[in-house]
Amino acid sequence: MMDMKSVESKWQAKWEKTKLNVFNKKNADKKLYVLEMFSYPSGAKLHVGHWYNYGPTDTYARFKKMQGYEVFQPMGFDAFGLPAENYAIKTGIHPKDSTEKNIETMERQLRNMGAMFDWSAEIKTCEENYYKWTQWLFLQLYKKGLAYRKEALVNWCPSCETVLANEQVVDGKCERCSSVVLRKDMTQWFFKITDYAEELLTDLDTIDWPEKTKLMQKNWIGRSTGCEIHFECETGDTITVFTTRPDTLFGVNYVVLAPEHPLVDKLKAAHPENADAIDAYVRYAAEANDIDRLSTAREKTGVFTGAYAIHPLTGKQVPIYLADYVLYSYGTGAVMAVAAHDERDYAFATKYGLPITQVIQKVGGETILPYCEDGILVNSGEFDGLSGEEARDAIAVHLTKIGKGGKKINYRLRDWSVSRQRYWGAPIPMIHCEKCGVVPVPEKDLPVKLPYDVEFRPTGKSPLASHEGFMNCTCPECGGKAQRDPDTLDTFVCSSWYYLRYADAHNEKQAFSTDVANKMLPVDVYVGGSEHACMHLLYARFITKALRDMGYIDFSEPFKRLVHQGIILGPDGNRMSKSHGNVISPDTYIDEYGSDIFRLYLMFGFSYTEGGPWNDDGIKSIARFIERVERIVRKSQEETNGGRTEKGAAEKELDYVKNHTIKSITRDVEAFSFNTSIARIMEYVNALQKYDAENAEKNVAFYKTCVEDLIRMLAPFAPHFSEELWEICGNKDSVFLEEYPLVNEQALIKDETEYAIQVNSKIKAKILIAQGLSDEEIQAVVCANPEIAAQIEGKSIKKCIVVKNRLVNLIVG
RNA sequence: GCGGUCGUGGCGGAACUGGCAGACGCGCAAGACUAAGGAUCUUGUGGGUAACUCCAUGCAGGUUCAAUUCCUGUCGACCGCACCA
């Protein structure tokens with residue numbers, strides 16, 4: 001039997017030499033951009049997840065190549081980021097050194113995988129020739145007004161000593177280290193992703209993505225239609241609230257501000273008698289960690305400010321409260337409280353003895369408060385008698401007329417905070433000048449290089465801040481002394497545009513050429529984990545749209561089709577993790593069986609999008625299967641041409657199975673259903689073996705073409721092995737230059753098909769029926785069958801249902 | 001709490017727009033070849049029954065000639081969001 005290891009390295013060397021996997025620009029009109037999410041070199045080695053993402057997707061790519069597409073399948077490294085820096089803090093090994101070393105190992109392993117990656121387009125986001133353009137991207141967004149700085153409450157991880165994006169906070173904890181996240185005021189750079197909220201939402205309809213992922217993005221964007229309403233405050237300020245229920249406006253009993261609301265200080269000054277209580281409450285709200293604060297079960301608490309606001313329609317005074325059930329980050333950070341028709345407001349009003357005014361009446365039934373459904377308006381002046389929907393519209397229109405508010409669409413999505421007080425990232429290309437303020441680094445001065453000799457141990461400040469050589473610079477506007485921005489960019493910025501750079505990876509003058517990008521993109525099929533649904537995948541869409549609006553590209557969505565692979569769990573059914581002690585290393589399997597067999601097993605043993613617990617029982621059976629194929633091929637080569645030349649029943653049967661197999665694979669691979677594809681190939685192998693065993697005198701020429709077709713079919717699934725077999729069959733060129741076998745529909749037409757025959761929906765017989773008969777003729781054939789005739793004897797046929805090529809159901813009585 | 005996905009043999013998993021449930025493989029059993037078999041090949045394999053047949057896709061209903069597939073309820077698992085005004 002073949003030594004898989006040497007066969008694999010032999011073919012990897014040949015592919016490299018013949019540049020088999022390099023994208024040929026001449027065939028750009030047939031391009032197919034197949035992309036896997038690039039690797040993050042945090043660990044030194046590839047894990048099962050990498051293999052599961054890249055192996056099967058490579059099979060898809062190779063399959064499409066054999067179908068005649070010019071496939072572009074690049075690979076690279078998302079190399080900046082926290083883990084390398086955390087590792088550096090622990091061990092003292094510089095992030096650049098450890099990252100480069102990890103990349104070297106992973107790259108070698110990826111090459112050994114034997115995927116058709118086009119390494120000529122490789123990118124590493126931590127290299128100057130890449131992050132120069134990440135900085136360029138930042139400058140373009142800045143010019144366009146999409147990058148701005150604001151003082152903001154940010155999520156601060158005390159352990160990583162850095163700011164986290166909302167998306168990186170999971171259950172009030174740091175996504176990476178699980179420390180409880182605190183709130184802290186800081187000046188940060190933000191990208192105005194909210195400008196694109198509406199388009200990000202509506203364009204979901206134009207892309208072929210899993211519905212689940214689209215729904216997650218939809219919920220993340222969180223569009224809600226409602227009304228903005230202004231309440232005059234006694235300090236002369238205006239409190240603006242957002243509500244989806246303006247129909248309940250007459251039922252407002254009080255107004256609530258989030259404890260972080262900027263107006264709180266003013267109200268406190270106006271009511272010094274309540275200052276202590278307000279301070280205490282603000283402190284109480286700030287001290288509560290996010291987990292408690294976000295708990296639905298948390299008891300409603302709050303404090304009266306002493307101040308009042310004026311109801312915009314009734315002119316009545318309503319008290320202003322602070323309560324932490326109002327979130328500063330959503331809407332306007334203030335709500336109008338309608339105790340009778342909102343559960344939270346009801347609970348709060350009951351607790352603090354506030355009045356409750358019913359303004360909605362249930363249609364047909366008793367109204368039990370709090371009543372949160374739609375109904376007919378009462379106690380609402382001129383709006384009495386309107387339905388909820390009519391009232392929402394009428395009140396909004398009225399508010400607009402009197403200048404006290406109006407219709408408003410609100411989004412849950414917040415702007416993307418991109419500043420990181422971290423070393424291992426792309427420096428933000430901005431300069432702070434005492435005279436000129438914030439000044440962008442001129443594009444000709446890019447990249448702003450990340451210095452090597454930096455103290456990266458956390459101090460609470462950005463590591464770069466204490467590097468004088470980096471910080472001190474001259475202002476590009478006035479030429480005076482100035483300071484660089486000490487922060488680096490969120491690594492999601494690096495990964496939000498890498499798919500564009502791949503297409504033009506060696507361009508030294510631009511991030512990418514517009515022409516090339518428009519030809520090569522969008523990515524036709526993008527494959528990666530679903531954990532990126534609301535982060536990377538949303539950011540990349542935003543950046544694409546922003547670049548389009550700046551005229552750099554002419555398409556609106558980066559990834560036409562998206563596929564998520566499932567997750568391979570540990571043998572115990574838990575996620576693989578060191579703490580569970582259930583991590584499976586692919587390396588031992590690769591050593592024993594080689595890349596092809598490992599990949600085949602990953603494809604055969606799991607439903608690709610489901611994943612599941614690891615179990616290596618099946619891997620031996622794949623090895624056996626491969627050996628069986630090899631035996632068949634070698635044996636077929638020993639046959640001398642001759643034997644019979646005509647195609648008899650046995651040949652027709654084999655031809656049928658072959659074409660059925662081709663047809664199934666063609667459909668299944670397109671759907672990333674690799675397990676069924678391989679099952680069909682196994683059936684075909686069984687059929688070949690059966691033909692070989694049962695026909696002492698074979699049609700050798702025919703049999704040999706069937707065996708060669710098997711190699712072509714198998715090639716995308718077991719690339720090295722198939723190349724070797726192809727060579728054994730006497731072929732000089734790569735099997736990947738062959739066309740994938742095409743279905744001969746003629747071979748699939750059988751003279752007769754087996755029908756299941758039901759009588760009163762119960763299966764009674766299976767009979768062969770000739771092709772091309774009408775329903776009536778089929779019924780006649782069925783009734784003539786002795787078995788069926790016995791069943792229906794003495795009964796009349798009430799109905800006969802014929803499903804072509806499948807079954808006949810006779811309803812008798 | 002809200003939204004979503006999924007529950008199929010001992011196991012991994014199939015079943016295209018409702019149409020023969022359990023493809024393919026593992027495991028198991030019997031046999032062949034063997035000094036030997038953990039190699040290879042053949043056969044069998046959802047459950048009950050002596051058999052005709054009957055029961056089976058988490059559970060309970062419904063629609064239909066026909067339901068793993070559609071609908072309602074319910075239990076369980078997983079994922080996402082979570083005081084969203």
Side-chain angles (χ1 to χ4, degrees), chain A residues 1 170-171 210-220 222-224 226-227 229 241-245 248 256 258 293-300 323-327 329-338 341-345 347-348 372 410-412 530-531 533-534 567 569 573 601 604-607 609-610 612-622 624-625 627-628 631 663-664 667-668 671 673 675-686 689 693 754-766 798-812:
Chain A
M1 287 295 127
V170 178
D171 290 336
E211 286 304 321
K212 194 180 128 202
T213 311
K214 291 207 253 183
L215 190 72
M216 275 165 72
Q217 287 209 352
K218 205 173 158 185
N219 291 338
W220 192 263
R223 182 188 206 266
S224 65
C227 194
I229 303 174
V241 304
F242 172 76
T243 179
T244 53
R245 294 294 304 274
T248 63
V256 195
R293 177 94 184 256
L294 294 177
S295 162
T296 323
R298 181 174 162 94
E299 196 181 343
K300 302 283 170 285
D324 68 0
Y325 76 87
V326 174
L327 305 177
S329 56
Y330 181 74
T332 60
V335 304
M336 59 178 218
V338 183
H341 307 294
D342 181 282
E343 274 174 42
R344 294 155 298 181
D345 299 341
F348 190 84
C372 307
N410 193 54
Y411 299 92
R412 206 186 69 99
S530 60
E531 67 273 17
C534 297
I567 299 169
L569 306 169
Y601 173 60
F604 183 64
F606 304 87
S607 163
T609 53
E610 300 287 317
W614 175 260
N615 175 332
D616 60 9
D617 286 348
I619 199 162
K620 285 190 202 81
S621 73
I622 291 289
R624 271 202 300 251
F625 168 70
E627 285 175 6
R628 219 156 85 217
R631 274 197 299 274
K663 192 171 184 173
S664 304
R667 184 190 60 221
D668 290 355
S673 178
N675 53 351
T676 53
S677 300
I678 293 170
R680 295 295 89 79
I681 295 180
M682 287 173 167
E683 282 170 348
Y684 180 48
V685 168
N686 291 342
Q689 232 165 3
E754 190 186 67
Y755 277 69
I757 312 301
Q758 300 180 328
V759 176
N760 287 340
S761 306
K762 302 263 181 196
I763 292 184
K764 297 294 176 189
K766 290 181 182 180
K798 297 209 167 125
K799 204 170 167 186
C800 176
I801 294 140
V802 177
V803 181
K804 275 274 152 60
N805 297 324
R806 286 184 191 274
L807 64 68
V808 177
N809 190 2
L810 291 170
I811 309 302
V812 299

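In this text, all values refer to a predicted model and were calculated from it rather than measured experimentally. Naming: A, B, ... by sequence-line order, numbering from 1 per chain.
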Open item on the list: With hydrogens left out and only the distance checked, is there a donor-acceptor pair under 3.5 Å joining A/K766's side chain and the base of B/rC20?
Closed with: yes

- [ ] Provide the Watson-Crick or G-U wobble partner of B/rA66, both distances under 3.5 Å; none if there is no partner.
- [x] none

Task: Touch class at under 4.0 angstrom, heavy-atom based, for A/G605 against every strand present - done: sugar-phosphate

TODO: Establish, with yes or no, whether the OP1 or OP2 oxygen of B/rA82 is under 4.0 angstrom from a side-chain nitrogen or oxygen of A/R412.
DONE: yes

Open item on the list: Just N and O in the side chain of A/R680: are any of them under 4.0 Å from OP1 or OP2 of B/rC24?
Closed with: no

- [ ] Look through every strand shown and name the nucleotide pairing with B/rA60 as Watson-Crick or G-U wobble, where both distances are under 3.5 Å.
- [x] B/rU72

Task: Whole-Å gap separating P (B/rC65) and NZ (A/K764) - done: 19 Å

- [ ] Answer with yes or no whether A/N809 presents, from its side chain, a donor or acceptor under 3.5 Å of a partner atom in the base of B/rC65.
- [x] yes

Open item on the list: Assess, by modelled atom type and distance only, whether the side chains of A/N675 and A/S607 contain a donor and an acceptor separated by less than 3.5 Å.
Closed with: no

Open item on the list: Checking understanding here: a glycosidic angle within 90° of 0 is syn, the rest anti, so what is B/rG9?
Closed with: syn

Open item on the list: On RNA chain B, compare the nucleotides closest to A/A334 and A/R624; which residue's is nearer the 5' end?
Closed with: A/R624

Task: Expected output: side-chain A/D345 to main-chain A/V338 donor-acceptor under 3.5 Å - done: yes

- [ ] Would you kindly give the CZ-to-P distance between A/F606 and B/rC11, to the nearest whole Å?
- [x] 16 Å

TODO: For the pair A/E683 and A/R680, find out whether any cationic side-chain nitrogen is under 4.0 Å from an anionic carboxylate oxygen.
DONE: yes

TODO: Could you state the atom-to-atom distance from CG of A/N675 to P of B/rC26 in whole Å?
DONE: 15 Å

Task: Watson-Crick/G-U partner (both atom distances under 3.5 Å) of B/rG12 - done: B/rC24

- [ ] Assign A/E211 to base, sugar-phosphate, or nothing according to its heavy-atom contacts below 4.0 angstrom with the strands shown.
- [x] nothing

Task: Spacing of A/I681 atom CD1 relative to B/rA14 atom P, expressed in whole Å - done: 16 Å

- [ ] For A/E343, enumerate each residue passing the side-chain hydrogen bond (donor to acceptor under 3.5 Å, both in side chains) test, keeping only those at least two apart in sequence or located in another chain.
- [x] none

Task: Pairing partner (Watson-Crick or G-U wobble, both distances under 3.5 angstrom) of B/rU49 - done: none

Open item on the list: Pairing check on B/rC81: which nucleotide meets the Watson-Crick or G-U wobble criteria with it, both distances under 3.5 Å?
Closed with: B/rG1

- [ ] Looking at every strand, decide which applies to A/I763 at a 4.0 Å heavy-atom threshold: base, sugar-phosphate, or nothing.
- [x] sugar-phosphate

Open item on the list: Here's a test of your reading of the structure: between A/D345 and A/L215, which maps to the more 5' nucleotide of RNA chain B?
Closed with: A/L215

Task: Touch class at under 4.0 angstrom, heavy-atom based, for A/Y755 against every strand present - done: nothing

Open item on the list: For a quick check of understanding: with a heavy-atom distance under 4.0 Å over all strands, which category does A/N686 fall into, base, sugar-phosphate or nothing?
Closed with: sugar-phosphate

- [ ] Could you tell me whether A/K663 atom NZ has more than 12 heavy atoms of other residues or ligands within 6.0 Å of it?
- [x] no

Open item on the list: Please confirm whether the shortest side-chain N or O distance from A/S607 to OP1 or OP2 of B/rA14 is below 4.0 Å.
Closed with: yes

Open item on the list: Quiz question: going by heavy-atom distance under 3.5 Å, is there a donor-acceptor pair between the base of B/rC83 and the side chain of A/K300?
Closed with: yes

Task: Value in whole Å for how far the C1' atom of B/rA66 lies from CD of A/Q758 - done: 6 Å

Open item on the list: Expressed as a whole number of angstroms, how long is the span from A/M682:CE to B/rG25:P?
Closed with: 6 Å

Task: Partner nucleotide of B/rA36 by Watson-Crick or wobble geometry (both distances under 3.5 Å) - done: none

- [ ] Look through every strand shown and name the nucleotide pairing with B/rU42 as Watson-Crick or G-U wobble, where both distances are under 3.5 Å.
- [x] B/rA30

